[in-house]
Amino acid sequence: MATFSLVEDASRKIHVHVARQIARQILSGKLSEGEKLPNEVSLCESFGVSRTALRESTKLLSAKG
């Protein structure tokens, strides 16, 4: 019988992964801090995610400052 942990694995959530990728682009200088991000459609296509996942990732980044 399998046991399940009640602790969610954040690394498996796509919006966390996308937020990390965007943060890396900012830290590497590919995107400037405070610069407007590319439009939603472009970002969804470049990361291969839904609009919902992208919105959640930008909310996460915004909350972290």
Side-chain angles (χ1 to χ4, degrees):
M1 176 180 250
T3 59
F4 296 96
S5 172
L6 296 177
V7 179
E8 291 181 317
D9 183 4
S11 65
R12 291 185 180 198
K13 293 187 176 185
I14 193 71
H15 72 277
V16 174
H17 179 68
V18 172
R20 287 180 184 157
Q21 288 182 333
I22 293 171
R24 283 188 194 122
Q25 288 183 4
I26 293 169
L27 293 172
S28 72
K30 186 174 180 182
L31 294 171
S32 299
E33 188 174 337
E35 176 185 349
K36 219 175 170 183
L37 291 174
N39 68 42
E40 199 173 69
V41 174
S42 297
L43 287 173
C44 288
E45 288 175 0
S46 67
F47 291 115
V49 297
S50 67
R51 290 174 58 200
T52 303
L54 181 66
R55 288 179 183 163
E56 289 299 315
S57 66
T58 55
K59 285 180 190 177
L60 180 62
L61 287 170
S62 180
K64 290 189 175 192

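Numbering starts at 1 and runs along the sequence shown.
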Please round to the nearest 0.5 Å and tell me the distance separating atom CD of Gln21 and atom OG of Ser46.
8.5 Å
What pairs with Leu61 under side-chain contact (heavy atoms from CB on, under 4.5 Å), at least two apart in sequence or on another chain?
Ala19, Ile22, Ala23
Minimum heavy-atom distance Ile14-Ala53, with the two atoms named:
CG2-CB, 3.7 Å
Check side-chain hydrogen bond (donor to acceptor under 3.5 Å, both in side chains) between Ser42 and all other residues, then give those that pass, not counting sequence neighbours.
Asn39
Check Gln25 against Ser28 and note the closest heavy-atom contact, atom names and distance.
O-OG, 3.1 Å
Is the backbone N or O of Leu54 less than 3.5 Å from a side-chain atom of Ser57, with the two atoms forming a donor-acceptor pair by type?
yes
Under the side-chain hydrogen bond (donor to acceptor under 3.5 Å, both in side chains) test, residues paired with Arg55 that sit two or more places apart
Glu40
Distance from Leu60 atom CG to Lys64 atom NZ, nearest 0.5 Å?
5.0 Å
